[in-house]
Amino acid sequence: TTVNNQTYTVMFGEADGTYNLENSPEVINVGSKRVYYKVTAPNHEPKTGSILITVNAKSLTVTWTGTTFTYDGNAKHSTASVNTGVNGETIKFTYVVKAKSGSSVVNGQAINVGNYTVTATATVEGGQANINNYSLSPLSKDFSIGKASIEPTVTMAGYTYGGTKS
């Protein structure tokens with residue numbers, strides 16, 4: 001690149017006064033980093049400065065599956081999922097179930113009829129594997145387990161008039 005028909009050079013550094021990198025330092029994970037630069041060209045005064053590079057968390061909406069269940073004697077809870085959109089990174093969830101008023105958990109699980117809240121904790125696998133690179137919401141969901149229907153089959157032996165068994 002040129003200025004006044006002179007080729008100029010840009011050098012970068014990670015400390016003020018140190019310009020020993022041909023490329024700007026990378027900032028990959030959430031956070032801020034100050035990058036220093038020096039521009040030089042023949043017959044020109046050098047120009048130095050700095051810029052603050054900030055990487056913000058990627059905001060993602062968590063999708064929840066299952067909010068209403070029917071009692072069947074097995075543990076239930078809503079499940080969370082999210083697509084990071086970042087190649088090679090997968091977000092996994094673990095869950096904690098809490099009973100709402102009038103309901104109860106059995107060994108940390110929602111089994112019986114009632115109302116509950118499930119809270120997810122997220123981790124990242126692959127890529128940078130840094131959950132702080134994401135802002136996830138919502139991380140909890142209410143759900144309920146309703147009563148199962150009883151459909152008994154009742155049969156009785158035939159009776160004759162007078163109430164004696166046939």
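All residue numbers in this chain count up from 1 along the given sequence.
In summary, the aromatic rings of F12 and Y37 are positioned with their centroids too far apart to meet the 6.0 Å limit.
Listed here is the closest heavy atom pair of V35 and P25: CG1-CD, 3.5 Å. Smallest separation of non-hydrogen atoms from Y71 and I111: CD1-O, 3.2 Å. Annotation for Y116 and A99: closest pair CD2-CA, 3.7 Å, computed over non-hydrogen atoms. Counting all heavy atoms, side chain and backbone alike, A110 lies closest to F143 at CB-CZ, 3.7 Å. In plain terms, the two heavy atoms of V62 and P138 that are nearest each other are CB-O, 3.3 Å.
For K76, the side-chain hydrogen bond (donor to acceptor under 3.5 Å, both in side chains) partners are D72, not counting sequence neighbours. Considering only residues two or more places apart in sequence or on other chains, E14 meets the side-chain hydrogen bond (donor to acceptor under 3.5 Å, both in side chains) condition with K33. Residues meeting the salt bridge (Lys or Arg N to Asp or Glu O under 4.0 Å) test with K100, sequence neighbours left out: D142. Not counting sequence neighbours, the partners of Y95 by the ring pair (Phe, Tyr, Trp, His ring centres under 6.0 Å) test are H77.
Side-chain contact between T9 and T40 is present, with heavy atoms from C-beta onward closer than 4.5 Å. Using a 4.5 Å heavy-atom cutoff, the side chains of V118 and W64 are in contact. Residues K141 and T117 are not in side-chain contact: their nearest non-hydrogen atoms beyond the backbone lie 4.5 Å or more apart.
We find the CG-CD distance between N74 and Q109 to be 9.5 Å, quoted to the nearest 0.5 Å. Distance check, rounded to the nearest 0.5 Å: CG of L136 to CG of L60 gives 5.5 Å. Between K38 atom NZ and D16 atom CG the span is 11.0 Å, to the nearest 0.5 Å.
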Begin from the C-alpha positions of N20 and M11 and carry the test side chain to side chain contact (heavy atoms under 4.5 Å, CB included) through to its verdict.
CA-CA 6 Å; N20 57 356; M11 295 296 288; 5.6 Å; no

V27/V55 under side chain to side chain contact (heavy atoms under 4.5 Å, CB included): CA gap, chis, key distance, verdict
CA-CA 7 Å; V27 181; V55 176; 3.4 Å; yes

Using a 3.5 Å cut-off and no angle test, enumerate the donor-acceptor pairs between side-chain atoms of residues 80-94 and protein atoms at least two apart in sequence or in another chain.
unit_1, atom_1, unit_2, atom_2, d
N83, OD1, G85, N, 3.1
T84, OG1, V86, N, 3.0
T84, OG1, V86, O, 3.2
T84, OG1, E89, O, 3.0
E89, OE1, Y134, OH, 2.4
E89, OE2, Q128, N, 2.8

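The cluster map of Ile, Leu, Val, Met, Phe, Trp and Tyr, joined by side-chain heavy atoms under 4.5 Å apart, puts I53 and I28 in different clusters. Both F69 and V106 are part of a single hydrophobic cluster, where members link through side-chain heavy atoms under 4.5 Å apart.
Screening residues 47-59 for side chain to side chain donor-acceptor pair (under 3.5 Å), with sequence neighbours left out, gives S32-T54, R34-S50.
Dense packing is recorded around CG of L139, with more than 12 heavy atoms of other residues, nucleotides or ligands lying under 6.0 Å away.
Side-chain N or O atoms of N115 include none that pairs as donor or acceptor with a backbone N or O of S144 at under 3.5 Å. Side-chain atoms of N130 come within 3.5 Å of backbone atoms of N132 as a donor-acceptor pair (strictly under, hydrogens ignored).
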